[in-house]
Amino acid sequence: MVERSPVLNMLCHAILIAGALMVCVPLYFAFVAGSLTVAEVQKVPLPWLPGGQFFDNLQLAWSKGNFSRTFANSIIVALGITAGKIAVSLLSAFAITYFRFRYRMLAFWLIFTSLMLPIEVRIVPTFEAVANAALPLQWLLDTLHAADLWGWISGHDVAITLEWNMVNTYPGLILPLIASATATFLFRQFFLTIPEELCEAARLDGASPLHFFWSILLPLSVPNMMALAIILFLFGWNQYLWPLLFTTDKDMVTAVIALKGLIPRSDSEPAWNIAMSGALLTMLPPVLVVLLLQRWFIKGLIDSSK
């Protein structure tokens, strides 16, 4: 039974209003700053009412930040990271949950402990691996050549150099980030809630493991996948460090990196109005994703908690 109390209702509403103000007030000031001129935005304190340059500043920020190209890059990277993380996590959680192989739990705990190794910690070896994805094969060939085995295998004692450079490419921006221990853990916990009798019935009907996964598990996981897809899209869209270090071509820059270029420097005009307009533009796709898919997000959270 849910108790209704006027005092408790007022307290809950006050907390919600305070939280909404903490979130919305900075956005409102960004909107106000993005609608002012350069001279007006430097006033202290900042005006509370918006000016009349909002759409002009948006247009200038769009062209100055090359957002037509950087938005396309960010969308491709964010969607690639989202799809890759969900696909890899679903398959790994399925294998750990329904297959009884040796060291199964050890593999799960190794995946889970990888949460302690974010991209910032392994940034140097990751960059080296992506700069030459064929490096493991090169090590193998060098070892065989040093042991005089390559000439015996191939019949030609010639040193071979392999190189697969993924710098300034979409696979290089996406592939190092598609593994997700958190998503694997969440899908595993959901698979554990599915009755074992369902798997037994599928096995009696002659369904293969992949058929059971595709026809039964995948449809049941749609709410969880959609809720997780929203979080992963925001994660991919807001990536900063990896695209900053990995992209040297301006045509491969993402929207967040382009926004950094709009921030005024000490030797440039303090055009904070353009920077705030660019920040509002950069926030628009994640906000639209959350607003359009919020019903799926809530449904996924409710279904996963049952």
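In this text the structure is predicted, and so the values were computed from the model without any measurement.
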Item to check | Gap separating the CG atom of Leu175 from the CD1 atom of Ile81, nearest 0.5 angstrom | outcome: 10.0 Å
Next on the checklist: Quick check: Trp109 with Tyr103 (ring centres under 6.0 Å apart)?
Outcome noted: no
Checklist entry - Any side-chain heavy-atom pair from Ile86 and Leu90 closer than 4.5 angstrom? => result yes
Checklist entry - Transitive ILVMFWY cluster of Leu192 at side-chain heavy atoms under 4.5 Å: who else is in it? => result none
Item to check | Any Thr254 side-chain heavy atom under 4.5 Å of Tyr240 side chain | outcome: no
Checklist entry - What pairs with Glu196 under salt bridge (Lys or Arg N to Asp or Glu O under 4.0 Å), at least two apart in sequence or on another chain? => result none
Next on the checklist: Per the ring pair (Phe, Tyr, Trp, His ring centres under 6.0 Å) rule, what does the pair list look like for residues 19-39, sequence neighbours excluded?
Outcome noted: Phe29-Trp48, Phe31-Phe54
Checklist entry - Would you say the side chain of Val38 lies within less than 4.5 Å of the side chain of Asn273, judging by non-hydrogen atoms? => result yes
Checklist entry - For Gln59, does the CD atom have more than 12 heavy-atom neighbours from other residues, nucleotides or ligands under 6.0 Å away? => result no
Checklist entry - Going through the distances and angles, do Leu177 and Gln239 end up as a side chain to side chain contact (heavy atoms under 4.5 Å, CB included)? => result CA-CA 10 Å; Leu177 302 177; Gln239 280 297 309; 3.9 Å; yes
Next on the checklist: List the residues meeting side-chain contact (heavy atoms from CB on, under 4.5 Å) with Thr126, not counting sequence neighbours, and say none if there are none.
Outcome noted: Ile119, Arg122, Val130, Pro176, Trp242
Next on the checklist: To check you understand the geometry: which heavy-atom pair defines the closest contact between Ile216 and Ala202, and what is its length?
Outcome noted: CD1-CB, 4.0 Å
Next on the checklist: Strictly distance-based, threshold 3.5 Å: is any side-chain N or O of Arg295 a donor or acceptor partner for the main-chain N or O of Leu292?
Outcome noted: no
Checklist entry - In Å and rounded to the nearest 0.5 Å, what is the CZ to CD1 distance from Phe101 to Ile96? => result 6.0 Å
Next on the checklist: If you compare all heavy atoms of Phe99 against all heavy atoms of Pro209, which two are closest, and at what distance to 0.1 Å?
Outcome noted: CZ-CB, 3.8 Å
Item to check | Steps toward side chain to side chain contact (heavy atoms under 4.5 Å, CB included) verdict (Lys43, Leu36) | outcome: CA-CA 10 Å; Lys43 292 182 180 179; Leu36 302 175; over 6 Å; no
Checklist outcome for this item: Taking every heavy atom of Leu46 against every heavy atom of Ala33, the minimum-distance pair comes out as CD2-CB, 4.3 Å
Next on the checklist: Counting C-beta onward and ignoring hydrogens, is there a side-chain heavy-atom pair between Phe246 and Ile123 closer than 4.5 Å?
Outcome noted: no
Next on the checklist: Count I, L, V, M, F, W, Y as connected when their side-chain heavy atoms are under 4.5 Å apart, and connections chain through other members. Are Val7 and Ile15 then in the same cluster?
Outcome noted: no
Next on the checklist: Please enumerate all residues that pass side-chain contact (heavy atoms from CB on, under 4.5 Å) together with Thr37, with sequence neighbours excluded.
Outcome noted: Ala39, Glu40, Gln53
Checklist outcome for this item: Tested for ring pair (Phe, Tyr, Trp, His ring centres under 6.0 Å) against Phe94, the lone hit among Trp214, Phe190, Phe213, Phe187 is Phe213
Item to check | Criterion side chain to side chain contact (heavy atoms under 4.5 Å, CB included) on Met283 and Leu280, from CA distance to verdict | outcome: CA-CA 5 Å; Met283 286 189 293; Leu280 292 175; 3.6 Å; yes
Checklist entry - With sequence neighbours excluded, what pairs up with Arg69 under the salt bridge (Lys or Arg N to Asp or Glu O under 4.0 Å) test? => result none
Checklist entry - Any side-chain heavy-atom pair from Val290 and Leu234 closer than 4.5 angstrom? => result yes
Checklist entry - Between Thr282 and Trp237, is a side chain to side chain contact (heavy atoms under 4.5 Å, CB included) present by the stated rule, with each step listed? => result CA-CA 9 Å; Thr282 307; Trp237 182 271; 3.8 Å; yes
Next on the checklist: For Met105, I'd like to know if atom CE has over 12 heavy atoms of other residues, nucleotides or ligands within 6.0 Å.
Outcome noted: yes
Item to check | Distance-minimising heavy-atom pair for Ile194 and Leu198 | outcome: CG2-CD2, 3.7 Å
Checklist entry - For Phe127 and Leu245, which heavy atoms make the closest approach, and how far apart are they? => result CE1-O, 3.7 Å
Checklist entry - Which distance, rounded to the nearest 0.5 Å, do you find between the CG of Leu259 and the OG1 of Thr70? => result 9.5 Å
Checklist outcome for this item: On a heavy-atom basis, the closest approach of Leu232 and Lys85 is CD2-CD, 3.5 Å
Next on the checklist: Test your reading of the model: is there a side-chain donor-acceptor pair from Asn57 to the backbone of Ser277, 3.5 Å cut-off?
Outcome noted: no
